[in-house]
Engineer: 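Got a structure for you, questions after.
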Amino acid sequence: MENIKSIPKEKFQFAQRSDIAHDKKLETKPVGYLQDAFRRFCKNKGSVVAAIIVLILILFAIIGPFCGHSVYENAYKTDTDITMYKNLTPKLGFMSGTGFWDGTKTEKGINQATYYRYVGIAEETGFDSVELLKDYTDTTTAKGRRYDIRRDLYRTIDCFTKTFTESQYKALMAWQDEHKLQIIMPYVNNNKGFAEMKNTNVWYVCDMKGNPEFGDNGELQPAYYTYATAEGKRDDYTSAMRLEKDPYLAGDTENGWSYAQRTGSAGAYNYVVRVNPYNYFVYKYGFEPSFAFGSDTHGYDIFTRLAGGARFSLLFAVAVSAINLIIGAIYGAIEGYYGGKIDLVMERLSDILSALPTMVITVLFNLHLAAKVGVVPALLYAFILTGWIGMAGSTRMQFYRFKNQEYVLAARTLGAKDRRLMWKHIFPNALGTLITSSVLVIPGVIFSETSLSYLGIVNLDSPTMSSVGAMLSAGRNVMTTSPHIILFPALFIALLMISFNLFGNGLRDAFNPSLRGTEG
């Protein structure tokens, strides 16, 4: 008061109303926990890119199986003919003629017999499917004449013989006449030279080594059954479709080529036919063979097969992660909340289970349980038996962290029960960390399943289903000759593992409150 009295009167002034300070309304909107976490996640560019890649891979797994041809995919279950279309390289229609992704393959140093077998396929079918790159003599060894070629794998598939009933045979002839596509090829006389070795592509006269015996003008000489040589075995071929050089078209019915052999008795005839595999594919499945990722060792379309396998692997991993989250959260919550002797006993149980080798558990479950419940449930049990322990440890740690916080003590003082304190007050604060841990479990499960399938410990490959690991295992034996079979599953698993880990790390940084304010 004394100090105030010592201030001269003239120093005092009336205050203006506009100078009086008042609380102002906040101009910015409050930011919630999840919104703030999302903003922090978006600042991590690597995690955002990884999230986009993960989304693309998930969409591929969801949509991919519907992009294939259902007729061909249904043939996986019962049709043995699809094995004829195995190991085909990737082919896209608009890439035709580029030498890349167009279904072709470069082969170097093939011998003369093999070269003319491919040339024979091209000449017989009328497809321009073989390009000679180099004709030379191998002077380093005694192998003799060699050829470097580029051939269309789709149009140089080996012809094969197939037995049809009378109705099937007539339907096949009617279809090829209507669509003007030659499916039924002349039947090869197995008594002429190399054809005795039952190679259905060697339709020309050659020696026992497979080298052709050329005609006077250097042409390949047909070795087909004729109406005369096939007497008693031939079928009276009624289709209008015949090969262009067939003598029958020139009126020489005696030397006309025979296109089928009839077996059985009247009223129950069967017809053994040699078919052009490319046109037969069109007849049977309704589209020309063209696989974006090629075909595997069984003739399956790798694109749709990989999409289906990826879908299974993702769903399996998500199921394992979700179950482990539920079990681990309940177990860890009880440990962390009650502590003391309860925590001590439960931790020792966890230690015992965690000491069991995962590989041993999987092998035992696969050997003794798979026969009763199936391979997939047995594998699921193996992953769940010890998989929840890590999630329980994370939950326990979070409960120890939050259970003595002021808001929990206040709720307990107001009469909140233990269940409400655990699941309404403590668990929501730990949820961000647990979700992040669950996301990081997914790539680990997929990688483990892939490793087990690749090593042959579990077999998830069947006509109706597959997994990424099973596809990798199927392609390892042809890695040098058909690398595309293993390339696409390997690329998928590599992208998935890297992207999921970057995505999970981004989530961890975004949800962890201790990192707030440390960036930018």
Side-chain angles (χ1 to χ4, degrees), residues 68-75 79-86 88-89 91-97 102-104 117-131 151-188 200-204 220 222 224-225 234-250 256-262 270-292 295 299 301:
H69 297 273
S70 58
V71 176
Y72 186 72
E73 291 165 28
N74 289 333
D79 190 358
T80 58
D81 289 339
I82 62 171
T83 58
M84 301 302 301
Y85 308 98
K86 63 183 180 181
L88 298 177
T89 54
K91 180 179 180 180
L92 296 174
F94 63 88
M95 300 293 287
S96 179
D102 61 349
T104 62
R117 181 162 60 87
Y118 293 141
V119 171
I121 294 174
E123 182 175 323
E124 186 181 37
T125 59
F127 296 141
D128 184 18
S129 54
V130 180
E131 178 186 357
R151 66 183 179 97
D152 187 334
L153 295 185
Y154 289 78
R155 296 181 185 271
T156 54
I157 302 171
D158 290 344
C159 292
F160 60 95
T161 57
K162 189 170 178 64
T163 302
F164 295 97
T165 63
E166 186 169 4
S167 60
Q168 292 172 334
Y169 179 53
K170 290 181 178 179
L172 181 60
M173 286 193 295
W175 188 92
Q176 71 172 11
D177 288 344
E178 178 184 354
H179 293 83
K180 305 303 179 185
L181 288 176
Q182 185 77 47
I183 298 175
I184 304 175
M185 310 302 290
Y187 210 82
V188 177
T200 54
N201 289 292
V202 183
W203 54 268
Y204 44 84
L220 296 174
Y224 299 126
Y225 272 116
R234 66 177 173 82
D235 165 51
D236 294 327
Y237 189 69
T238 57
S239 175
M241 289 292 293
R242 295 175 180 269
L243 294 187
E244 184 180 351
K245 296 180 180 180
D246 190 340
Y248 188 91
L249 297 176
W257 296 333
S258 176
Y259 287 78
Q261 288 195 346
R262 188 175 60 196
N270 289 321
Y271 298 85
V272 183
V273 177
R274 179 171 166 264
V275 298
N276 176 343
Y278 190 91
N279 291 340
Y280 182 70
F281 188 102
V282 179
Y283 163 73
K284 191 161 189 177
Y285 305 117
F287 63 98
E288 293 191 24
S290 180
F291 305 126
S295 63
D301 176 19

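In what follows, residues are counted from 1 in the order of the sequence shown.
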Engineer: Could you tell me whether Arg274 and Glu124 have a side-chain N and a carboxylate O separated by less than 4.0 Å?
Structural biologist: yes
Engineer: Does Arg242 qualify as a cation-pi partner of Tyr237, given the criterion of NZ or CZ under 6.0 Å from the six-membered ring centre and within 45 degrees of its axis?
Structural biologist: no
Engineer: Considering only heavy atoms from C-beta outward, does the side chain of Leu243 approach that of Gln182 to under 4.5 Å?
Structural biologist: yes
Engineer: Side chains of Leu153 and Lys91, heavy atoms from C-beta outward: is any pair under 4.5 Å?
Structural biologist: no
Engineer: Just by distance, do the side chain of Tyr85 and the backbone of Pro277 share a donor-acceptor pair under 3.5 Å?
Structural biologist: yes
Engineer: Would you mind reporting whether Val282 and Trp175 have side-chain heavy atoms less than 4.5 Å apart?
Structural biologist: yes
Engineer: Is Tyr154 reaching over with its side chain to a backbone N or O of Thr89, donor-acceptor style, under 3.5 angstrom?
Structural biologist: yes
Engineer: Do any N or O atoms from the side chain of Asp177 and from the backbone of Ala240 form a donor-acceptor pair under 3.5 angstrom?
Structural biologist: yes
Engineer: Are Trp203 and Tyr224 close enough that their ring centres sit under 6.0 Å apart?
Structural biologist: yes
Engineer: Just by distance, do the side chain of Asp246 and the backbone of Trp257 share a donor-acceptor pair under 3.5 Å?
Structural biologist: yes
Engineer: Can you tell if the side chain of Met241 reaches within under 4.5 Å of the side chain of His179, non-hydrogen atoms only?
Structural biologist: no
Engineer: Under 4.5 Å between any side-chain heavy atoms of Asn279 and Gln176, yes or no?
Structural biologist: no
Engineer: When the ring centroid of Phe281 is compared with that of Phe287, is the distance short of 6.0 Å?
Structural biologist: yes
Engineer: Just by distance, no angles: are the side chains of Asp152 and Tyr278 close enough, under 3.5 Å, to form a donor-acceptor pair?
Structural biologist: no
Engineer: Heavy-atom distance under 4.5 Å between the side chains of Glu73 and Tyr285, does that happen here?
Structural biologist: no
